[in-house]
Amino acid sequence: MKSELEKIITDLVNEKFNKIYKVDVFRPETKFGDFSTNIALKLAKELNASSLDIANQLADDLRSQFSEIFQEINVAKPGFLNFFLRDRYLLLDNDLNFKNEQLKDQVIVIETNNPNPFKAMHLGHALNAIIGDSLANLLEIGGARVHRVSYHGDIGSHVGKTMWAVLKHINNDPKNLISVEPNSRYKFLADMYSEGAKAYQADINIKAEIISLADQSYKLDDPIYKQVYQTCKDWSFEELDEVLKRLGSKTVERRYLESEVEPAGVEIVKKNIDKYFFLSKGALIFRGEDYGLFTTVFVSSSDRGLYAARDLGLIELKQRDFSPDKSMIVTASEQKDYFKVVIKASELCQIAKIGETNNITTGIVKLSSGKMSSRQGDAINIVWLFDEITAELSKYNKQVSQDLLVGAIRYQFLKVKLGSDIVFDIKQSISLQGNSGPYLMYAHARAQSIIRKSKQIIESVPDDFNIEDSERNLVLKIADFKDTMAKTISQLKPHLLCLYLYELSQEFNRFYEKNKVIGSDREIIRLYLVKSYAEVLRTGLLSLGIKALDEM
RNA sequence: GCACCUGUAGCUCAGUGGAUUAGAGUGUCUGGCUUCGAACCAGAAGGUCGCAGGUUCGAAUCCUGCCAGGUGUACCA
């Protein structure tokens, strides 16, 4: 309805004052009206006239020309126009098509997760995966042709740390890997990494050993090393897949590994020597300062492609595999400036079109209190969070539904503005009350319960549709869905949708408290509202990767 | 040092030009289940919107300066 109103008023203003203005209509506080516009205030300056006079003129014209739409039009103090619509114009727009002009038919490749094998997946990885996956959903809904990919570090120092501890643990005999129970492999690798990381810090001789083992991850020329490495890598991905599934993320189309993109990256750098890359202290560097950035080493003095070269290779491979119009890389904000360098280099080397690659940055997950056990270093293992939330949920139900767990975690991470740091407080993060996933799920289950129990069948808008005061706020909120969704997609900000769905559910709960549906003489109309609400909530949650439950 | 980000209620966060009382959740206090699911609802208390100027009919929101915190800044990713 918002856009329709904007069009009506824009046309009127253009005709009346012979000027082209884009009129904005917004939702004011409910006491002022259903919709408002400040166009008179803006016109007053241009026309050098009283804003109240202009508002009154517009109000008169709208009243006489569109009396079937407007119940009432008020002019308020500085010059606001406030509109109250007739009931049937408040109805939900049933056309739930969210195709976005900018996204339509665009080929977009997006990295939806990037946890490393050979170590545990921590909260930061989970945040990254949840956001990446949800953004991919939104892009799809907006009409883009989305390719989900992932990228993982299977070479380098973290591999050395884990391998050192693993080899020690199995006495350099791959056969001993059998002693690790299949369901404890994840924990095993996490422990091995932790042990290796500690030893690396503590002992200078072990440090040298680990560096050497890290080096082997590139060459794999030792048969025993290779076999153990391969097994652990396979285990890692089996476990990562499992964790990602538990997070509610969709599977990726293509999994890229650092080991495979490194040669491609080094080749690009070497092709562009003395053009964009220069030899300095034995390393190949990119002089970022020339572009307002900073110098970055792409190939080390020992002729190894560093992460910048790998990212360059990755960009090329994605280009080759998908020829995307847009490529999105989701990372933590600490890599923001670094990616400006890589993207600049990729554009200069003509691997990717200018503006094609975007780095979307998420915040960092921080801890609110230092004293948190069951973690290594300062990284909390995501599995631990699963267990904590499951324990909290089981206070209500013996059987904790996987969908509810997914909803709790995803909502928790998505409700904060994309890019903001998340201060992780365990108490708050497992809270099932207030602005939380379970709150939304609960409100949905309540609505479904009414729908199940009512004997009335209603598929479309009741003929004699009208609204009572106690129902009005819910109707207004439902009607906001389309705009909210459009905004969420065009700005790629999931928190806008989260906030909306929460407020929507609040309105539903208030409605529920005040109005009896079943047995009421307004049962048909109210049942229609309940169904509309449930449908909007279900659709909204689904786009965030959360399945609304009918019962819980 | 330079660059970017952040600073809103005890805590965690929305709100980026609009409406005499700046919004949620949480925490504290109070009230509400013989009535469609109380993982809910209603109410109270709680804020110099980091500080100081400026622009504007109007500023948490825009501009300038300052203060505080975070992140990045050549061979880790």
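Basis for what follows: all heavy atoms, side chains included, without hydrogens, waters or symmetry-related copies. As the structure is a computational prediction, the values presented were derived from the model and not from experiment. Chain letters run A, B, ... following the sequence lines, proteins first, then strands; residues in each count from 1.
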Touch check for [X], heavy atoms < 4.0 angstrom, all strands: base, sugar-phosphate only, or nothing?
X        : result
A:Lys281 : base
A:Asn74  : nothing
A:Asn515 : base
A:Val416 : sugar-phosphate
A:Asp311 : nothing
A:Ser420 : sugar-phosphate
A:Asp24  : nothing
A:Arg304 : nothing
A:Ile285 : base
A:Lys516 : base
A:Leu41  : base
A:Ser449 : base
A:Met552 : base
A:Thr361 : nothing

Nucleotide paired to [N] in any strand shown, Watson-Crick or G-U, under 3.5 Å:
N      : answer
B:rC2  : B:rG72
B:rA42 : B:rU30
B:rG17 : none
B:rC49 : none
B:rA22 : none

For atom [atom1], what is the distance between [N] and [M], given to the nearest Å?
N      : M      : atom1 : answer
B:rC67 : B:rG31 : C1'   : 45 Å
B:rA9  : B:rC4  : P     : 26 Å
B:rG50 : B:rU8  : P     : 6 Å
B:rG25 : B:rA39 : C1'   : 14 Å
B:rC62 : B:rA44 : C1'   : 37 Å

**OP:** State which residues pass ring pair (Phe, Tyr, Trp, His ring centres under 6.0 Å) with A:Tyr533; sequence neighbours excluded, sorted by chain then number.
**Re:** A:Phe508

Original post:
Using the ring of each side chain (for Trp, its six-membered ring), is A:Phe26 parallel, tilted or perpendicular to A:Phe80, with breaks at 30° and 60°?
Top reply: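 Correct class here is perpendicular.
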
Original post:
Charged N to carboxylate O under 4.0 angstrom, A:Asp550 versus A:Arg452?
Top reply: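 Salt bridge between A:Asp550 and A:Arg452, a charged N being under 4.0 Å from a carboxylate O: no.
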
Original post:
Can A:Arg472 and A:Glu507 be counted as an ion pair, charged N to O under 4.0 angstrom?
Top reply: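 Salt bridge between A:Arg472 and A:Glu507, a charged N being under 4.0 Å from a carboxylate O: no.
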
Would you kindly check whether a donor in the side chain of [X] faces an acceptor in the base of [N], or vice versa, at under 3.5 angstrom?
X        : N      : answer
A:Tyr442 : B:rA39 : no
A:Ser436 : B:rA39 : no
A:Thr331 : B:rA77 : no

Under 3.5 Å donor-acceptor, [X] side chain and [Y] backbone:
X        : Y        : result
A:His122 : A:Gly124 : yes
A:Tyr276 : A:Phe286 : no
A:Tyr200 : A:His158 : no
A:Asn359 : A:Ile329 : yes

Would you be so kind as to tabulate the donor-acceptor pairs closer than 3.5 Å made by side chains of residues 484-492 of chain A, with sequence neighbours excluded?
residue  : atom : partner  : partner atom : Å
A:Thr484 : OG1  : A:Asp480 : O            : 2.9
A:Thr488 : OG1  : A:Thr484 : O            : 2.7
A:Ser490 : OG   : A:Ala486 : O            : 3.2
A:Ser490 : OG   : A:Lys487 : O            : 3.3

Original post:
For A:Asp421 and A:Lys453, take the nucleotide of RNA chain B holding the closest heavy atom to each; which residue's nucleotide lies nearer the 5' end?
Top reply: A:Asp421

**OP:** For A:Gly282 and for A:Val517, find the nucleotide of RNA chain B with the closest heavy atom, then tell me which residue's nucleotide is more 5'.
**Re:**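 Looking at RNA chain B, the more 5' nearest nucleotide goes with A:Val517.
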
Any side-chain N or O of [X] below 4.0 angstrom from OP1/OP2 of [N]?
X        : N      : value
A:Lys417 : B:rG15 : yes
A:Tyr439 : B:rC41 : yes
A:Arg446 : B:rA38 : yes

Subject >> OG-NZ distance between A:Ser346 and A:Lys318, expressed to the nearest 0.5 angstrom >> reply: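 The NZ atom of A:Lys318 is 10.0 Å from OG of A:Ser346, to the nearest 0.5 Å.
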
**OP:** Return the stacking result for B:rA19 and A:Phe32: yes when the ring centres lie under 5.5 Å apart and the planes under 30°, no otherwise.
**Re:** yes

**OP:** Answer yes or no for this row: A:Phe80 ring on B:rA19 base, centroids under 5.5 Å, planes under 30°.
**Re:**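 Ring-base stacking flag set for A:Phe80 and B:rA19.
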
Subject >> Close residues, residues 494-509 of chain A, relative to RNA chain B [heavy-atom separation under 4.0 Å] >> reply: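 When residues 494-509 of chain A is checked for heavy atoms under 4.0 Å from RNA chain B, the hits, listed by number, are A:His495, A:Leu499, A:Tyr502, A:Gln506, A:Asn509.
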
Subject >> Between C1' of B:rA74 and CG of A:Leu279, the distance in whole Å >> reply: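 Distance, rounded to whole Å: 13 Å.
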
Original post:
Taking CD1 from A:Ile343 and P from B:rG72, how many angstroms apart are they, rounded to a whole number?
Top reply: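 One finds 18 Å between P of B:rG72 and CD1 of A:Ile343, rounded.
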
